[in-house]
Novice: 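Before I ask anything, let me first share the structure, which is written out below as structure tokens.
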Number of protein chains: 2
Amino acid sequence: MSSAKPTIDDVARVAGVSRATASRVINNAPGASGPLRVRVHEAVAKLGYLPNEAARALASGRPRAVDVIAVTCNPPGGWLGSNPYYSRVLAGMMPLLADAGAQLRVHALSHDSAPEALDEIAAGVTLGAVLSDVTPTLAARFHRRCRRTVSLVPTAATVPAMVADNIGGAYAAVTELHRLGRRRIAAIHGPVISSCAADRRIGHLRAVEQLGLAEVSAAAPFTREGGYQAAQQLLAQHPDLDAVFVACDLMAAGVVQALTACGRRVPEDVSVIGFDDSVAASCTNPPLSTMRLPVEEMAAAAVRLLLSGDITSGHRTLFPAELVRRQSTAR
Amino acid sequence: MSSAKPTIDDVARVAGVSRATASRVINNAPGASGPLRVRVHEAVAKLGYLPNEAARALASGRPRAVDVIAVTCNPPGGWLGSNPYYSRVLAGMMPLLADAGAQLRVHALSHDSAPEALDEIAAGVTLGAVLSDVTPTLAARFHRRCRRTVSLVPTAATVPAMVADNIGGAYAAVTELHRLGRRRIAAIHGPVISSCAADRRIGHLRAVEQLGLAEVSAAAPFTREGGYQAAQQLLAQHPDLDAVFVACDLMAAGVVQALTACGRRVPEDVSVIGFDDSVAASCTNPPLSTMRLPVEEMAAAAVRLLLSGDITSGHRTLFPAELVRRQSTAR
DNA sequence: GCTCTCACTGGAAGCGGTCCCACGCGGTTA
DNA sequence: TAACCGCGTGGGACCGCTTCCAGTGAGAGC
């Protein structure tokens, strides 16, 4: 018994057929049949043959792998550990990829190294790439080098995208707070560099304007600490605020803690509404009302599009955000 | 300008050298030098050449990719979205992989499909594989097919592993509760199938025995809901419990909520201590004391080992768990 | 001045597949 | 019966790159 991995040639020899026929049978392609199929399958089983992905990729020009790319602050990958959002992206993709027998490659980049790294990734992309947190500029650049790209964040119009209705979601959240009778509604936005944060800000402003409210807001990174500090600051400037719209659940968790620390009761004194419906939302006390984004569905749709292959430039599907009422906005 | 991707042949032609020389320069290998190096680099820049990974992998027999494998309940990937633990694993690996120019492939399997799927993955593993949530049996099977494997969970002795001291951590947690004067300490364990959960249970039992406490415990899945229900059940059976050791922060978040819902104050009436120090731990109210596992460091160490290449069967590094004191155990 | 090194360089053989194409053979149609 | 068709099959040319090996020329030693 040789310890070297069996190749398709070994299979062909054992089965007594040509390499071409073996390939056809293994790939379940037409043009081979009956007894030969059986013999090849037997040979495969006997040898424990498993095709070499690299060779397959090279020969066919279309290996089966999907790339997920996120660009964030240093260190690369830092985001992954701290924000459950990204896990949901991966989770949404896995079942489909598993069914398709495709692999998932994860790339985490930092802003400074992103441009060249993106080019490199674009060169290696096979089935397609999903951009999960990339600035519009970078997304466009990437898309120029690799057409098989789908973005999960608002981006240049040319890049196909499966995006959440961040504007509408933020609008709905503020409206809900207003509906609850809140009038001194503050907002905590995400970092300016994030296009999601930008859209949520737009939705907030639109609602504030339409409802005739005063605009009170602060910005912070998408972390619990960021939310905590922003809330403290906001509370110092506007001690009478009675509601906070927070652009991310993780921040919102910090906001609830800050409010509690400052003697405000949630939801009696201050209503809080988050965004994302991440695991953190249900872990807070009281549990957070939030705008649920169908992240998994969006990611799945992106993969489905990539697997289908017919990706039309400019395609855009908008996924609505759904209000999840929990205790932080109970009256 | 042809739209076809340039190949190394194009580079060689433009640079006026042979393909072999171009390859040497591009791979920074010895045996080519001086003016030729410059010319090749110029050609690369001019053409925007980027090597084809598949071809490289095939020709050299050693592509650069690390596989991360987790086996969980259906659907495959479900775990990823709901438990921040796994994100930390990926986050810990990314910086090292980025430096090494290696790719990260993520595989999520469900229990029923795992055995065959694992064999297939093992055949494709290149730099190595990291097992992040696999039963000892499956881990051993995988390791038999692929030596370049490191486990992040307790497993068969032969499989190299970077594991957390779950036993010691659980022991320390219970001891801490005892130190705080708690005597009616309950425990909520994870699912029996998880070897981490099993070890944490062992640590708990050891402490309980040594401290002469009564053993009170329940088991639940590693989710907030699981923790909530287990806590309710425990509370019904033992209304006088004054502390809970919970084998996972996500469950612990549910426990805190259940305690609050049942009129217990945390930490005044009941101390709660979690495990993992995941994002959820700091989002709860009050924030959770917990046993911090250096997940990122463990994952990084695993990658470092794989990149170094000298993986000795049976290698085992134990990472201590560190008590993080937060409000849920304040006195 | 003529070998002998030695550092470079290019030719060419794979790596393990996919897939085009030519070939042979039994069965129709003229 | 001859030309024709089509399916199943095998031969062999690639895919893009690495790497072995033989060849080349310049410099050194005799």
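Letters A, B, ... are given to chains in the order of the sequence lines, protein chains preceding strands, and every chain is numbered from 1.
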Novice: OP1 or OP2 of C:dG17 sitting under 4.0 Å from any side-chain N/O of A:S23?
Specialist: no
Novice: Under the side chain to side chain donor-acceptor pair (under 3.5 Å) rule, collect the residues that match up with A:R19, sequence neighbours excluded.
Specialist: A:D9
Novice: I need the CG-P distance between A:N27 and C:dG16, as an integer number of Å.
Specialist: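 That distance rounds to 17 Å.
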Novice: Among residues at least two apart in sequence or on other chains, which ones pass side chain to side chain donor-acceptor pair (under 3.5 Å) with A:S308?
Specialist: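 Residues passing side chain to side chain donor-acceptor pair (under 3.5 Å) with A:S308: A:D310.
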Novice: In terms of the nearest nucleotide of DNA chain C, which residue is placed more toward the 5' end: B:R19 or B:G16?
Specialist: B:G16
Novice: Hey, does B:L90 have a side-chain heavy atom less than 4.5 Å from the side chain of B:L104?
Specialist: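 A side-chain contact exists here, since the closest heavy-atom pair is under 4.5 Å.
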Novice: May I ask you to evaluate whether B:T7 reaches the phosphate of D:dG16, defined as a side-chain N or O under 4.0 Å from OP1 or OP2?
Specialist: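 Answer is no, no contact under 4.0 Å.
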Novice: A:E53 CD to C:dC15 C1': how many Å, rounded?
Specialist: 15 Å
Novice: When the C1' atoms of the five terminal pairs at each end define the local axes, what inter-axis angle does the helix from C:dG1-D:dC30 to C:dA30-D:dT1 show, to 10 degrees?
Specialist: 60°
Novice: Closer than 3.5 angstrom, by distance alone: can the side chain of A:R316 be matched with the main-chain N or O of A:P160 as a donor-acceptor pair?
Specialist: no
Novice: In chain order, what residues pass the side chain to side chain donor-acceptor pair (under 3.5 Å) check against B:S18, with sequence neighbours excluded?
Specialist: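 Scan of B:S18 (side chain to side chain donor-acceptor pair (under 3.5 Å), adjacent residues dropped) gives B:T21.
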Novice: Nearest whole angstrom, please: distance from the C1' of C:dA12 to the CD1 of B:I8.
Specialist: 15 Å
Novice: Write down the distance between CD1 (B:I26) and P (D:dT18), rounded to a whole number of angstrom.
Specialist: 7 Å
Novice: A:R56 CZ to D:dC17 P: how many Å, rounded?
Specialist: 21 Å
Novice: Give the residues of residues 39-52 of chain B touching DNA chain D, defined as any heavy atom closer than 4.0 Å, sorted by residue number.
Specialist: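 Listed by number, they are B:Y49, B:P51, B:N52.
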Novice: Send over the distance from A:R24 CZ to D:dT9 C1', rounded to a whole Å.
Specialist: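 Nearest whole value for this atom pair: 6 Å.
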Novice: Do A:S23 and A:N27 have side-chain N/O donor and acceptor atoms under 3.5 Å apart?
Specialist: yes
Novice: I'd like a table of atom pairs between the protein and nucleotides 22-24 of chain D - only N or O on both sides, under 3.5 Å - with the distance next to each one.
Specialist:
none

